[in-house]
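Since we're looking at a predicted model, the values are computed, not measured.
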Amino acid sequence: MKKTVEFSGKEFNEQAVDGKEFHGKEFHGKEFLIEAASRFRTPSYVFDADAFLDRARSFVRIFSDSSKKVRINYCMKANPFLAEASLAFTDRIEVCSFGEFLITEKLGIPAEKLLISGVLKKEEDIDRIVRSCRDKALYTAESPAQLSSLEKAARKYGLILNVYLRLTSGNQFGMDEETILTILKNFDSYPDLTFYGIHYFSGTQKHRFRIHEREIKKLDLFIQRLESETGRKVLHLEYGTGFGVPYFIDQKEDATSEEYLKSFLALLNGMEYSGQISLEMGRALAFDCGYYLTEIWDRKTSGEKTYVITDGGIHQLNYDGQLRGMYQPFMDLIRGGNIDRIDAEGGQKYTVCGSLCTANDILAADLFSQELMTGDILVFERIGAYSFYEGMQLFLSHELPAVALYSREEGLRPARKRMETCSLNMAAE
């Protein structure tokens, strides 16, 4: 059963989960997680769209205080379930695969809000996307071959496409400086394309200011060289920030703190480059708006260790940098209709394990907590970006958890049904 509702001024389809529907309800604090545990069962994911937008607004506020035109683009690969909500603030949504494009198409996201990126662009996919988005979307070219495919599609549909040339940081993404300079010196051979600007992304989880300092200086010098040697003006710079975020309780927020961001903005303001800057972000915007709920089904003591076994596991939850649960995530406990912070002062130590038949399936190795019992639901926080789908989702044919979206205006809304995966792991009839 489907119905149309309003969210952030946009329409989307709400689909019933397990034959039931949710209706708008006011929640306070984290009470919506109790409702989610009851209605969606475990394991499940909940994404707080209000928290996502509040965080985005803080970035917009900081970067609006700039001598340059600075905009924010949302990378939907961080969390595609938040793509529609991001329309409230994003200049463009970065699409990095044909599958992600199909998601935006199904959601009805307008082409003028899309940046079509990705290291692999098959010619038939480019043709399909250009046929749909035409000259309203922006496109990146990661190689001379991609550039030729974009030229071919533009010519076929009688269009002039705006294209970013992606500069590599020394990995498989993009092209080196000499290749880009050669392309621009001969850009008249692409009559159906317009050189829109330079795209650059070197990686994620950057916590050190000197990395950003070095990259901004590199881009500034390259743009000056490009304009000098080719005579072409760079009007747009797309920069993937890769800001590092804190996942664990002993980590402090550094690269996304207001002080750091203002220092980063000073780097941008100090550039010789005078065109528009688009800051590409995903993890930094979405990481702390998500929750993973998993129930304890078994408890046992072996030697000096007490284990609790949950119905989730590392196939459904992955924190960047985590290794066999050695770092302590931010966690809550749902019991008897109440939700509380895991209390390390409780003095009992547990090893929290998932449902996989591998010794590596440890969600928290040394969790100090109040007493944990079967039936308790553990809530893992800060899983809003990547963490919820970077695991081995199909391993051992466990289910894909349900996904819910929350906002104060709409309450809890189902975004994906709980799905069995066994049919994906056997031969077709």
What's the spacing between [X] [atom1] and [Y] [atom2] if we round to 0.5 Å?
| X | Y | atom1 | atom2 | value |
| --- | --- | --- | --- | --- |
| Leu293 | Leu33 | CG | CG | 6.0 Å |
| Arg416 | Tyr45 | CZ | OH | 6.5 Å |
| Gln146 | Ile116 | CD | CD1 | 12.0 Å |
| Arg341 | Glu381 | CZ | CD | 4.5 Å |
| Arg283 | Gln205 | CZ | CD | 4.5 Å |
| Leu237 | Tyr273 | CG | OH | 5.5 Å |

Is the closest basic N to carboxylate O distance between Arg335 and Glu371 below 4.0 Å?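 The answer is no: the pair does not qualify as a salt bridge.
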
Salt bridge flag under 4.0 Å for residues Lys217 and Asp220: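 So Lys217 does not pair with Asp220 through a salt bridge.
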
Can any side-chain N or O of [X] pair as donor or acceptor with the backbone N or O of [Y] at less than 3.5 Å?
| X | Y | value |
| --- | --- | --- |
| Tyr350 | Leu372 | yes |
| His236 | Gly197 | no |
| Ser387 | Tyr319 | no |
| Ser355 | Gly312 | yes |
| Ser149 | Ala145 | yes |
| Ser369 | Asp343 | no |

Just wondering, do Tyr164 and Ser117 contact through their side chains at under 4.5 Å, heavy atoms?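 No, their side chains stay 4.5 Å or more apart.
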
Can you give me the closest heavy-atom contact between [X] and [Y], atom names plus distance?
| X | Y | value |
| --- | --- | --- |
| Ala255 | Leu261 | O-CD2, 3.6 Å |
| Asn318 | Glu390 | ND2-OE1, 3.1 Å |
| Glu258 | Ile62 | CG-CD1, 3.8 Å |
| Phe47 | Gly290 | CD2-CA, 3.7 Å |
| Tyr247 | Arg382 | CE2-O, 3.4 Å |
| Ala141 | Leu147 | CB-CD1, 3.7 Å |

Please confirm whether Tyr74 and Phe52 have ring centers closer than 6.0 angstrom.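 When the ring centroids of Tyr74 and Phe52 are compared, they turn out to be within the sub-6.0 Å range.
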
Examine the side chains of [X] and [Y] and answer whether a donor and an acceptor come within less than 3.5 Å of each other.
| X | Y | answer |
| --- | --- | --- |
| Glu105 | Ser132 | yes |
| Thr358 | Asp361 | no |
| Asp311 | Thr294 | yes |

Let's go through Thr256 and Glu253 carefully: what are the C-alpha distance in whole Å and the side-chain angles of both, what is the deciding distance for side-chain hydrogen bond (donor to acceptor under 3.5 Å, both in side chains) to 0.1 Å, and is it a yes or a no? CA-CA 6 Å; Thr256 50; Glu253 188 161 15; 2.6 Å; yes

If you count every heavy atom of other residues, nucleotides or ligands that lies below 6.0 Å from Glu259 atom CD, does the total exceed 12?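 Check fails, neighbour count at 12 or below.
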
Taking side-chain hydrogen bond (donor to acceptor under 3.5 Å, both in side chains) as the criterion, tell me which of Arg214, His212, Glu215 meets it with Ser202.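 So, applying the side-chain hydrogen bond (donor to acceptor under 3.5 Å, both in side chains) to Ser202 and each of Arg214, His212, Glu215, only Glu215 qualifies.
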
Which class fits the ring pair Tyr406 and Phe32: parallel under 30°, tilted 30 to 60°, perpendicular over 60°?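 Because their plane-to-plane angle is under 30°, the rings of Tyr406 and Phe32 count as parallel.
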
Quick one: which of Val163, Leu115, Leu165 gives a side chain to side chain contact (heavy atoms under 4.5 Å, CB included) with Thr140?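 Only match with Thr140 under side chain to side chain contact (heavy atoms under 4.5 Å, CB included): Leu115.
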
Step by step, work out the ring pair (Phe, Tyr, Trp, His ring centres under 6.0 Å) result for Phe89 and Phe59. CA-CA 10 Å; Phe89 68 86; Phe59 280 82; 9.1 Å; no

Apply salt bridge (Lys or Arg N to Asp or Glu O under 4.0 Å) to Arg225 and Glu177, showing your working. CA-CA 10 Å; Arg225 180 188 175 197; Glu177 294 186 6; 3.1 Å; yes

Give the C-alpha distance, both sets of side-chain angles, the deciding distance and a yes or no for salt bridge (Lys or Arg N to Asp or Glu O under 4.0 Å) between Glu280 and Arg166. CA-CA 13 Å; Glu280 184 182 294; Arg166 184 165 183 174; 5.8 Å; no

